[in-house]
Student: 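First the structure, which I've put down as structure tokens, then a few questions once you've had a look.
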Amino acid sequence: MTFRLIVPDFETLSPTELSVAGAWRYAEDPATEVLCLAWTLDGQLMSPWVPNDMVVGAALRALAEDPETIWVAHNAAFEKAIWRNIMVPRYGFPPIPNSRWRDTMASAAMLGLPLGLDQCAQALRVPNQKDSEGSALVRKLNRQYVKSPWDRPAIPPETVHRITEYCERDVIAQTDLVQAMPPLPPGELNVWLLDQRVNERGVRLDEPFIRACQRIVDGAIAPMAAEFHALTGLNVTQTQALLAWCHEHGAPKLPNLQKLTLRRALGPSAALIDDGEEPEDDEEDAVEVGPLPPDVARALTIRMIAGSSSIKKLPSMLGCIGRDGRARGAVQYHGAATGRWAGRLFQPQNFPRPVGVMEGVHHDPETLVAFLKTAEPDLVQAVLGSPIEVVVSALRHAITADREHVRRVLCAADFAQIEARTVLALAGQHDKTALMASGQSPYLDMGATIFGRPISKKDDPSEYQTSKNTVLGCGFQMGKKTYYDRYGKANGQTMEQCEEAIWAYRRDWAPQVPKLWQGLEDAAFDVAYRRKVSAEFAGCEYRLEDKWMTCRLPSGRKLWYFSPQQCRKAMPWVKDDIRDAWRFLARKNGRVRPVYAYGGLLTENVVQALARDLMAAAMFRCEKNGYPVVLTVHDEIVTEPEEAHADPAELVQIMSELPAWGRALQIPVAAEPWIGTRYQK
DNA sequence: GTACTCTGCGCC
DNA sequence: AAACGGCGCAGAGTAC
């Protein structure tokens, strides 16, 4: 059986902004047009298709119908959306099932490479002359279209010709990429297909509610922004300028304008968000600030509220809602190097938790939403408090279940302390995993170790908090300085006490865990530095493969470290301790940057990756058992089952079932569910 | 204008 | 003797 490989690449024109709308809504827009489709077949550049070209169209139709032709694109979701929404209904092409699509962006994601076509090609040294003139031409046409969508002038034939050339160059680069990267192995291909199903299903957003929130925010922000401008002459977002202004107006020098710095500077009178953590000061110790001049205090208070960046989710959500009320393409397969999904469009993975004025106020989401849909800012202020903070706290309720077509609900569950449990299991710290499996609190146990006496959650709240921080934070080689900065300072602990907590974890509570750090560090070093063929520890096997070092996990999946290199590195704890080490190139904000490997980092990678594999396995089971997945948030799965047979206990059952490798590792999983008509925390 | 970096902030 | 991990996005500021 011989499979054929077609690589298609569209050039399109639309008044819709792709980065805002996402591929689906972009393709749904009746004003979006296909200018041309360039393609290669088994590596050969073919004649491009332009709309209504019957000859090339017939060839494409045959390939679309052929069950043995595989379609490959870079970010296939785009090509798929154009095909489904334009090529099929407008030009009569047959649909192409998901099973016949592949995605080089998915391969790039798995391999730790940049996701952008050009940066990815560059990292792999695939020759790819960028046609910046061609892309500028397409951008220009689109700008003109945005300006006058009702009266788009005809495109001159020579321009179409030039764009087709550009499109051909792109498709050749994409074809080269197909050959430069290994394809997804079968297990990951299935995860990607699952990802495509989830992204095409989309998540329902409550547009009237989002618009109501936007009205409240606009109403509340306008007077604040005006007052702020009258006071300072600035916009609330001008960070450096505001810092300077504060100093000029008699305030002590503030290190930054982070929320917690402001909270501390403003003192307890500022009735604002308090999450119990102290700000980090890069300057030695915190500047003790006395009472601020009233103008400065007022300006900073406004900045704190009006600067809530999460309200930007409102326009982001509105921008990508499709015709049926659902947003598609909100998660990216393998967006993180460890395989976790990353958020896209309105970034559904970082909705604020209810805080501040709403903290401890347990509203039924539907009641709160119904109220906000009709209320003016003044009424919100009178009933619940600061309108902005109320909206921020209710933002996640914009995600809803479909009640119109089939009555559905949202049913979700998250894995309890999944990473803390996985690191203990992988390290073979079986007394502690047994403790967790039996339902006892590891924090009380850790507390007894640190403090040398039994503690209780109720009577020793600060000791309890310390042990919780230790259990959750110390699995990946966190040091005393970081521990102090992050937890100790806020709890009034001295550096010595922090050091004791850390050593209580490493020496007494989970002594197997430092052995895991060391074991993974040594194994990876043997391969990446000493060029040993392979080395294994705790079921994780490192190996050199082409331009990568891979780590085969107990789940069978591999992590890919791109371009591992020998180097020398100063240890962080003392200046003149310089050792042989290795580094690799990692994707950071779409670029590649060197990252220096050490045991704690490798441990974290492996553990986060295994937690993701537990998630993916659970997602497959959800899909199979009538709980369609609409969102994944690292340790949480949100599903949208039919109300008639949605049962949170059943979802817990589904999530708690382990794949064979998870049972072998004895990972003690537990899941905590909720059910309702709206996303909640 | 466009691309890039930095700061700040939300989440797990 | 022992290491702050993983993301996306908005806006400001800077360089070309």
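Numbers restart at 1 for each chain; the letters A, B, ... are given by sequence-line order, proteins then strands.
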Student: If you only use heavy atoms from C-beta on, which nucleotide in B:dC11, C:dG6, B:dC12 is closest to the side chain of A:Leu601?
Tutor: C:dG6

Student: Tell me: CZ of A:Arg421 to C1' of B:dC12, nearest whole Å?
Tutor: 16 Å

Student: For A:Leu243 and for A:Arg593, find the nucleotide of DNA chain B with the closest heavy atom, then tell me which residue's nucleotide is more 5'.
Tutor: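 Between the two, 5'-proximity favours A:Arg593.
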
Student: Ignoring hydrogens, what is the shortest heavy-atom contact between A:His334 and A:Arg557? Give both atom names and the distance.
Tutor: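 Closest heavy-atom pair between A:His334 and A:Arg557: NE2-NH1, 3.5 Å.
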
Student: Mind checking if A:Glu521 touches a base, just sugar-phosphate, or nothing, with heavy atoms under 4.0 Å?
Tutor: base

Student: Heavy-atom nearest nucleotide on DNA chain C for A:Arg340 versus A:Gln518: which residue maps closer to 5'?
Tutor: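 Comparing both residues, the 5'-ward one is A:Gln518.
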
Student: Taking only side-chain N and O atoms of A:Arg139, does any of them lie within less than 4.0 angstrom of OP1 or OP2 on B:dT2?
Tutor: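 Checking B:dT2 against A:Arg139, a side-chain N or O does come within under 4.0 Å of OP1 or OP2.
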
Student: I'd like to know if the side chain of A:Tyr483 pairs up with that of A:Thr470 as donor and acceptor (distance under 3.5 Å, no hydrogens or angles considered).
Tutor: yes

Student: Please give, in whole Å, the distance from B:dG10 C1' to A:Lys681 NZ?
Tutor: 13 Å

Student: How long is the line joining CG of A:Leu242 and P of B:dG8, in whole Å?
Tutor: 11 Å

Student: May I ask you to say what A:Lys140 touches in the nucleic acid, namely base, sugar-phosphate or nothing, with a heavy-atom cut-off under 4.0 Å?
Tutor: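 Answer is nothing: A:Lys140 stays at 4.0 Å or more from every strand.
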
Student: May I ask you to check whether A:Glu17 and A:Tyr26 show a side-chain donor-acceptor distance below 3.5 Å?
Tutor: no

Student: Separation of A:Leu520 atom CG from C:dA3 atom P, in whole Å?
Tutor: 17 Å

Student: Scan A:Gly600 against the nucleic acid and name what it touches under 4.0 Å (heavy atoms): base, sugar-phosphate only, or nothing.
Tutor: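 If one applies the 4.0 Å heavy-atom cut-off, A:Gly600 turns out to touch nothing in the nucleic acid.
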
Student: Is there a donor-acceptor contact under 3.5 Å linking the side chains of A:Gln465 and A:Asn469?
Tutor: yes

Student: Expressed as a whole number of angstroms, how long is the span from A:Ile399:CD1 to B:dC11:P?
Tutor: 14 Å

Student: When we call it a touch if two heavy atoms are under 4.0 Å apart, what does A:Tyr598 touch: a base, just sugar-phosphate, or nothing?
Tutor: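 Base, at least one base atom sits under 4.0 Å.
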
Student: Let me have the donor-acceptor pairs involving side chains of residues 603-610 of chain A, under 3.5 Å, with sequence neighbours excluded, atom names and distances please.
Tutor:
unit_1: A:Thr603; atom_1: OG1; unit_2: A:Gly599; atom_2: O; d: 2.7
unit_1: A:Asn605; atom_1: OD1; unit_2: A:Tyr561; atom_2: OH; d: 2.9
unit_1: A:Asn605; atom_1: ND2; unit_2: A:Leu601; atom_2: O; d: 3.4
unit_1: A:Gln608; atom_1: OE1; unit_2: A:Thr338; atom_2: OG1; d: 2.5

Student: For C:dG5, does either OP1 or OP2 sit under 4.0 Å from a side-chain N or O belonging to A:Arg612?
Tutor: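 For C:dG5, neither OP1 nor OP2 has a side-chain N or O of A:Arg612 closer than 4.0 Å.
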
Student: Which whole-number value in Å describes the distance from A:Phe476 CZ to C:dA3 C1'?
Tutor: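 Rounded to whole Å, this separation is 14 Å.
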
Student: Let me see the working for A:Glu636 and A:Lys681 under salt bridge (Lys or Arg N to Asp or Glu O under 4.0 Å), right down to the final yes or no.
Tutor: CA-CA 11 Å; A:Glu636 177 188 21; A:Lys681 207 50 195 181; 3.3 Å; yes

Student: Please figure out whether A:Val595 or A:Glu499 has its closest DNA chain C nucleotide nearer the 5' end.
Tutor: A:Glu499

Student: According to a strict under-4.0 Å criterion, is A:Trp503 in side-chain N/O contact with OP1 or OP2 of C:dA2?
Tutor: yes

Student: Rounded to whole angstroms, how far apart are CG on A:Leu610 and C1' on B:dC12?
Tutor: 16 Å

Student: Where do A:Gln680 and A:Phe351 land on the side-chain contact (heavy atoms from CB on, under 4.5 Å) test, with the steps shown first?
Tutor: CA-CA 10 Å; A:Gln680 55 191 273; A:Phe351 276 100; over 6 Å; no

Student: For A:Lys569, does the NZ atom have more than 12 heavy-atom neighbours from other residues, nucleotides or ligands under 6.0 Å away?
Tutor: yes

Student: May I have the distance from A:Ile502 (atom CD1) to C:dA2 (atom C1'), rounded to whole angstrom?
Tutor: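 These atoms are roughly 10 Å apart.
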
Student: Starting at the 5' end of nucleotides 7-16 of chain C, put B wherever the base has a protein heavy atom under 4.0 Å, S where only the sugar-phosphate does, and a dash everywhere else.
Tutor: SBSSSS----

Student: When we call it a touch if two heavy atoms are under 4.0 Å apart, what does A:Lys480 touch: a base, just sugar-phosphate, or nothing?
Tutor: sugar-phosphate

